[in-house]
Amino acid sequence: MNILVIGSGFSGIVAAHQLSNAGHSCTIVDRRPHLAGNAHDSYDKAGVLIHNYGPHYFRTNSQRILDYLSKFTAWNPVDYTIKSFTEGKFWPFPINLNTFEVLIGKPATTGDFEQYLAANRLDIPNPKNSEEVILSQVGSRLYELFFEGYTLKQWKRHPRDLDPSVCGRIPIRTNRDDRYLSETFQALPKEGYTRLLENILADSPNTTLRLNTDFTEARARVPHDHLVYTGAIDEYFGRCFGPLPYRSLRFEHESFSREQLVGRETISGKPGFWQPAMQVNYPSADTPYTRIVEIKHATGQKIDATTIVREYPSDWTSSEEPYYPVPAADATAAYQKYAALAAGEKNTTFIGRLATYRYYNMDQVTGMALAASQKLIRIFS
Ligand code: FAD
Ligand code: UDP
């Protein structure tokens with residue numbers, strides 16, 4: 001079979017890898033000038049390895065997905081730790097016992113924090129939205145401090161208008177575990193995501209990658225028996241039911257040389273860095289960006305310079321990248337109309353974050369691409 005794959009992110013590359021190794025011939029196209037989609041990383045002018053489209057922290061609970069990806073990369077284990085900056089100071093985040101001590105201004109025990117939570121959390125047995133999910137765990141003071149403003153900036157929606165899973169994915173702990181994530185495996189690919197996906201591509205026989213090529217052009221010019229589509233589902237159908245809602249981002253990069261970092265240790269805590277953690281969140285409405293990422297903290301790159309990236313959320317227009325599908329009931333209902341069309345589309349498979357309109361992580365889209373391609377291999381045989 002000749003398969004045309006639209007998109008060279010995790011979904012497209014993994015699907016092509018499986019299909020080509022089962023004897024099918026694959027052409028992958030991507031309209032961007034590089035592979036790896038939003039997970040793309042590269043060295044900037046200052047020589048710093050950066051995540052071009054926002055920080056990508058690989059994590060998974062799936063041994064199967066880890067085993068698959070580990071054939072193509074070694075890993076650099078990282079305990080992803082971040083801070084939140086509000087009310088003029090850096091706070092340990094996600095909320096844990098250290099955060100509570102900053103809140104009350106004195107040392108405390110897990111018991112003290114549990115007592116505070118029992119007295120402050122709202123009694124909401126089945127939280128129906130992102131506001132309720134946080135209020136039901138920590139009460140209004142911590143919710144307002146860390147979640148309400150950040151979420152409003154990020155999504156331009158109130159947390160009560162977003163699925164519980166949005167804020168619910170942030171852990172809340174009463175011990176001193178201050179890691180941002182909870183998955184059992186947390187690490188970065190040793191040589192980056194771009195190299196990881198290049199390695200998967202190199203192990204894909206009869207597969208060609210064409211960059212700077214749009215779907216419409218490829219569809220007309222590349223003969224194919226089956227299409228694997230990983231772009232935005234509403235775009236595929238010409239936005240016939242109107243555009244789906246997305247949030248976009250603007251990234252502002254700033255690099256600092258060794259000389260420019262002199263004296264900055266008073267804030268960053270160590271030489272060669274600009275801020276005290278790989279990510280600092282800014283939940284306050286006074287700051288237009290949501291977070292500043294200094295990925296060198298996580299990559300462990302040995303280099304004097306550093307680069308920080310400020311993230312400004314923005315409305316999506318058709319000239320921007322649709323970074324985030326919106327996890328909310330109205331958006332899901334709008335998506336369902338497109339999903340119904342997709343179900344009737346012959347010889348076409350829709351996978352990935354944009355084609356299924358889900359707020360998925362890299363491990364989840366990898367799992368989806370593996371499952372979908374195995375199904376296709378069975379159908380084609
Ligand atoms: P994408 O990476 O979006 O790839 C789709 C590709 O298709 C793109 O390269 C695009 O150019 C191409 N394409 C689309 N339409 C067309 C067309 N018409 N013609 C040609 N090409 C087309 N995940 C994590 O696991 N951990 C994280 O910490 C994390 N952080 C994130 C931070 C940000 C800011 C964002 C936006 C996402 C983050 N993610 C994270 C999610 C992660 O990016 C996705 O799970 C993953 O990249 C999805 O892969 P994909 O192949 O489905 O889609
Ligand atoms: N969030 C928040 N305050 C924070 C961090 C996160 O309110 O300091 C909320 C916000 O709605 C965000 C969601 O939790 O969109 C998920 O956060 P995460 O850091 O996982 O977002 P992503 O990396 O996917 O942008």
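Counting starts at 1 for both ligands and their atoms, in listed order.
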Quiz item: Does NZ or CZ of Arg247 lie under 6.0 Å from the centre of the six-membered ring of Trp155, at an angle within 45° of the ring axis?
Solution: no
Practice problem: Distance to 0.1 Å, residue and atom name: give those for the protein heavy atom nearest to atom 2 (O) of ligand 1. | Solution: Asn38 N, 3.0 Å
Practice problem: Evaluate the criterion side chain to side chain donor-acceptor pair (under 3.5 Å) for residue pair Thr109 and Asp112; output intermediate values, then yes/no. | Solution: CA-CA 5 Å; Thr109 62; Asp112 297 332; 3.2 Å; yes
Exercise. Using the six-membered ring of Phe241, assess whether NZ or CZ of Lys337 lies under 6.0 Å from its centre and within 45 degrees of the ring axis.
Key: yes
Exercise. Check each heavy atom of Pro55 against ligand 1 and say whether those closer than 4.0 Å belong to the side chain, the backbone, both or neither.
Key: backbone
Quiz item: Which of parallel (below 30°), tilted (30 to 60°) and perpendicular (above 60°) describes Tyr289 and Tyr312?
Solution: perpendicular
Quiz item: Can you list the steps and then say if Arg31 with Glu217 is a salt bridge (charged side-chain N to carboxylate O under 4.0 Å, His left out)?
Solution: CA-CA 10 Å; Arg31 61 181 163 208; Glu217 183 191 337; over 6 Å; no
Self-check item: Reported CZ-to-CG distance for the pair Arg141 and Asn120, which is rounded to 0.5 angstrom
Solution: 10.5 Å
Practice problem: Considering the heavy atoms of Leu249, write down every atom of ligand 1 situated less than 4.0 Å from one of them. | Solution: 34 (C)
Quiz item: In the protein, what heavy atom is nearest to atom 45 (O) of ligand 1, and what distance, to one decimal place, separates them?
Solution: Tyr360 O, 2.8 Å
Exercise. Identify, by atom number and element, the atoms of ligand 1 in contact range of Gly231, meaning under 4.0 Å from any of its heavy atoms.
Key: 14 (C), 15 (N)
Practice problem: Distance to 0.1 Å, residue and atom name: give those for the protein heavy atom nearest to atom 26 (N) of ligand 1. | Solution: Tyr57 O, 3.1 Å
Exercise. Quick one: sort the Tyr53 and His34 rings into parallel, tilted or perpendicular, breaks at 30° and 60°.
Key: tilted
Self-check item: Heavy-atom nearest neighbour in the protein, as seen from atom 6 (C) of ligand 1, with distance rounded to 0.1 Å
Solution: Asp30 OD2, 3.5 Å
Quiz item: What do we get for Val365 next to ligand 1 when only non-hydrogen atoms under 4.0 Å count, side chain, backbone, both or neither?
Solution: side chain
Quiz item: Within a radius of less than 6.0 Å around CZ of Arg176, do more than 12 heavy atoms belonging to other residues, nucleotides or ligands occur?
Solution: yes
Quiz item: Tell me, which protein residue and heavy-atom name are nearest atom 43 (O) of ligand 1, and how many Å apart are they?
Solution: His56 NE2, 2.7 Å
Practice problem: Apply side-chain contact (heavy atoms from CB on, under 4.5 Å) to Lys375 and list each qualifying residue two or more places apart in sequence or on a separate chain. | Solution: Arg378, Ile379
Quiz item: Side chain, backbone, both or neither: which part of Tyr53 has a heavy atom under 4.0 Å from ligand 1?
Solution: backbone
Quiz item: What is the nearest protein non-hydrogen atom to atom 33 (C) of ligand 1, stated with its residue, atom name and distance?
Solution: Tyr324 OH, 3.6 Å
Quiz item: Do the ring centers of Tyr357 and Tyr338 come within less than 6.0 Å of each other?
Solution: no
Quiz prompt | Closest approach of any protein heavy atom to atom 18 (N) of ligand 1, naming residue and atom | solution = Arg31 NH1, 3.2 Å
Quiz item: Can Phe10 be said to touch ligand 1, with heavy atoms closer than 4.0 Å?
Solution: yes
Exercise. Classify the contact between Phe215 and ligand 1 as side chain, backbone, both or neither, using a heavy-atom distance cut-off of under 4.0 Å.
Key: both
Quiz prompt | Any side-chain heavy-atom pair of Tyr359 and Arg353 under 4.5 Å | solution = yes
Quiz item: Tell me: protein heavy atom nearest atom 52 (O) of ligand 1, and distance?
Solution: Ser11 OG, 2.6 Å
Quiz item: Hey, which residues fall under 4.0 Å of ligand 2 on heavy atoms?
Solution: Phe93, Phe146, Phe147, Tyr150, Thr151, Gln154, Trp155, Val166, Cys167, Arg169, Ile170, Tyr180, Asn281, Arg291, Tyr324, Tyr359
Quiz item: Does the protein put any heavy atom within less than 4.0 Å of atom 9 (O) of ligand 1?
Solution: yes
Practice problem: Determine whether more than 12 heavy atoms belonging to other residues, nucleotides or ligands lie under 6.0 Å from atom CD of Glu265. | Solution: yes
Quiz prompt | Residue among Phe85, Phe147, Tyr80, Tyr282 satisfying ring pair (Phe, Tyr, Trp, His ring centres under 6.0 Å) with Phe93 | solution = Phe147
Quiz item: Just heavy atoms, cut-off under 4.0 Å: does Thr213 contact ligand 1 by side chain, backbone, both, or neither?
Solution: backbone
Quiz item: Relative to ligand 1, is Arg59 under 4.0 angstrom through side chain, backbone, both or neither, heavy atoms considered?
Solution: side chain
Quiz item: Is Arg353 close to ligand 1, meaning an N/O of one under 3.5 Å from an N/O of the other?
Solution: yes
Donor-acceptor pairs under 3.5 angstrom involving side-chain atoms of residues 10-17: please list them, not counting sequence neighbours.
| residue | atom | partner | partner atom | Å |
| --- | --- | --- | --- | --- |
| His17 | ND1 | Tyr68 | OH | 2.8 |
| His17 | NE2 | Asn21 | ND2 | 3.3 |
| His17 | NE2 | Asp203 | OD2 | 2.8 |

Quiz item: Which residues pass the side-chain contact (heavy atoms from CB on, under 4.5 Å) test with Asn61, sequence neighbours left out?
Solution: Glu183, Thr184
